[in-house]
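Side-chain atoms are counted along with the backbone in the values below, which use heavy atoms only and exclude waters and symmetry mates. All values reported here derive from a predicted model rather than from experimental measurement.
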Amino acid sequence: GGLDRFSAPAFLKASLDSDSGSSKILLAPAGKRGMWVGTGIGNIYRFDERGREQIERKDSSDYTLDILYSDRSGALWAGGGDAIWSLQPDNRWRRWARRPAIDTGPRPWNVHDMTQDRSGAMWVSIRRAGVYRVAMDRVADAWAPWGGRTDLPRKQVNDLFTDARGRVWFGYFDGAVAVLDGDHVTVLSDGKQTSLGVVHCFAQRGDLTWIGSDRGLWVSDGQRVQS
């Protein structure tokens, strides 16, 4: 006899069926519509309180997924193959392909990160190739290396982030940090004088932006970086 105490498990496993053996899981918030989930073999799902919905990829099924991104409205973007893709309201995929192909060494393409600026253009980091600004108002020749700018540090970017004011933050592998506000670039760290190490992530709280790196946690007001 006696009493047994039962409690809900801390984690509940979400089933991905045939994707259970995938070595990579991609996540992006879907606003009020739940969570976008992608797998390394290319499947995409939307989870909410009602369950799971698989997103059809017949327009882009020839490509694996490198990254998922959710813009301010909760709309889904995907990067992989030789392009970035946006899921349209009719559930069809619109493609922005880079032509000619970018030379990235042994692997022909790798979308490392992306973010949307206040104008709706996408900034896309490509491994071993740099950062490109992809204009949404045209498809041909829409990919501009470094946004056509000469004032951004031209080094490998590890993380991209757009804050609530629409400023685009660039975090580099060597610890450099730059902010693009409208048409003005501020280099907060050149990767030499401030030893941030590899910049992994940004997050915003109030007027401050928090920066996570392999050498600790930093905070910035957009003008300077402090530990």
S.K.: State yes or no: do Val157 and Val168 share one hydrophobic cluster built from I, L, V, M, F, W and Y residues joined by side-chain heavy-atom distances below 4.5 Å, directly or via other members?
M.R.: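 Cluster IDs for Val157 and Val168 match.
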S.K.: Can you check salt bridge (Lys or Arg N to Asp or Glu O under 4.0 Å) on Asp48 and Arg50, steps first, answer last?
M.R.: CA-CA 5 Å; Asp48 60 17; Arg50 295 172 296 178; 3.1 Å; yes
S.K.: Spell out, as yes or no, whether a donor-acceptor pair under 3.5 Å connects the side chain of Trp93 to the backbone of Glu56.
M.R.: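 Side chain of Trp93 to backbone of Glu56, a donor-acceptor pair under 3.5 Å: yes, one is there.
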S.K.: Less than 4.5 Å apart, side chain to side chain, heavy atoms only: is that true for Ser220 and Trp169?
M.R.: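 Yes; the side chains approach each other to less than 4.5 Å.
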S.K.: What distance do Tyr69 atom OH and Thr162 atom OG1 have between them, rounded to the nearest 0.5 Å?
M.R.: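 If I round to the nearest 0.5 Å, the distance is 5.0 Å.
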S.K.: Would a single hydrophobic cluster contain both Leu65 and Ile55, if residues Ile, Leu, Val, Met, Phe, Trp and Tyr are joined by side-chain heavy-atom contacts under 4.5 Å?
M.R.: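 As far as the 4.5 Å side-chain criterion goes, Leu65 and Ile55 are connected within one cluster.
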S.K.: In Å and rounded to the nearest 0.5 Å, what is the CH2 to CH2 distance from Trp96 to Trp85?
M.R.: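 That separation rounds to 10.5 Å.
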S.K.: Would Tyr132 end up clustered with Trp123 when hydrophobic side chains under 4.5 Å apart are linked, directly or stepwise?
M.R.: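 Per the 4.5 Å side-chain linkage, Tyr132 and Trp123 are not co-clustered.
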S.K.: Any idea which heavy atoms bring Trp36 and Ala30 closest together, and the distance?
M.R.: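 Residues Trp36 and Ala30, closest heavy atoms: NE1-CB, 3.2 Å.
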S.K.: As an exercise, state the distance from CD1 of Ile84 to CH2 of Trp143, rounded to the nearest 0.5 Å.
M.R.: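 So the CD1 of Ile84 and the CH2 of Trp143 are separated by 5.0 Å.
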S.K.: Compare every heavy atom of Arg127 with every heavy atom of Phe173, then report the nearest pair and how far apart it is.
M.R.: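 The answer is CZ-NH1, 4.1 Å.
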S.K.: Which heavy atom of Gly175 sits nearest a heavy atom of Ser189, and at what distance?
M.R.: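 Answer, listing the atom of Gly175 first, then Ser189: O-OG, 3.1 Å.
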S.K.: Could you pull out the closest heavy-atom pair between Gly79 and Met114, with the gap in Å?
M.R.: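 Closest pair (atom of Gly79, atom of Met114, distance): N-CE, 3.7 Å.
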S.K.: What's the spacing between Asn158 CG and Ser213 OG if we round to 0.5 Å?
M.R.: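 Rounded to the nearest 0.5 Å, the CG-OG separation comes to 10.5 Å.
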S.K.: Check Arg154 against Pro145 and note the closest heavy-atom contact, atom names and distance.
M.R.: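 Distance-wise, the nearest heavy atoms are NH2-O, 4.4 Å.
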S.K.: Would you indicate whether the side-chain heavy atoms of Thr39 and Ile25 approach each other to under 4.5 Å?
M.R.: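 Result yes, sub-4.5 Å side-chain heavy-atom pair found.
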S.K.: Quick one: do Leu160 and Phe170 satisfy side-chain contact (heavy atoms from CB on, under 4.5 Å)? Show the steps, please.
M.R.: CA-CA 5 Å; Leu160 294 166; Phe170 301 78; 3.4 Å; yes
S.K.: Please tabulate, one pair per line, all N/O donor-acceptor pairs under 3.5 Å involving side-chain atoms of residues 176-183, not counting sequence neighbours.
M.R.:
from   : atom 1 : to     : atom 2 : distance (Å)
Asp181 : OD1    : Arg118 : NH2    : 3.0
Asp183 : OD1    : Arg149 : NH1    : 2.9

S.K.: Quick check: does any side chain N or O of Tyr172 sit under 3.5 Å from a backbone N or O of Pro153, one acting as donor and the other as acceptor?
M.R.: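 Indeed, once roles are kept as given, a pair shorter than 3.5 Å links the two residues.
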S.K.: Is it the case that one hydrophobic cluster holds both Val131 and Val185, taking links as side-chain heavy atoms less than 4.5 Å apart, direct or via other members?
M.R.: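 Yes, Val131 and Val185 fall within the same hydrophobic cluster.
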S.K.: Give a yes-or-no answer on whether the side chains of Ser119 and Arg133 include a donor-acceptor pair shorter than 3.5 Å.
M.R.: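 On atom types as modelled, these side chains qualify, holding a pair under 3.5 Å.
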S.K.: Roughly how far apart are Leu27 CG and Met35 CE, rounded to 0.5 Å?
M.R.: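 Separation between the atoms: 6.0 Å.
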S.K.: Using the rule that two of Ile, Leu, Val, Met, Phe, Trp, Tyr join whenever any of their side-chain heavy atoms come within less than 4.5 Å, decide whether Val219 and Phe161 are in one cluster.
M.R.: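 Not linked; separate clusters.
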S.K.: Would you say the side-chain atoms of Ser70 pair up with the backbone N or O of Pro29, donor to acceptor, closer than 3.5 Å?
M.R.: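 Yes, the answer is positive, given that a donor and an acceptor are paired below the 3.5 Å cut-off.
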S.K.: Tell me if a side-chain donor or acceptor on Asp66 pairs with a main-chain N or O of Val111 at a distance below 3.5 Å.
M.R.: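 The answer is yes, because a donor-acceptor pair under 3.5 Å joins these two groups.
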S.K.: Would you tabulate the side-chain donor-acceptor contacts of residues 196-212 under 3.5 Å, counting partners in other chains and residues two or more places apart, or write 'none'?
M.R.:
from   : atom 1 : to     : atom 2 : distance (Å)
Gln204 : OE1    : Ala164 : N      : 2.7
Gln204 : NE2    : Gly206 : O      : 3.3

S.K.: Report the distance from atom CD of Gln54 to atom OH of Tyr45, rounding to the nearest 0.5 Å.
M.R.: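 That separation rounds to 4.5 Å.
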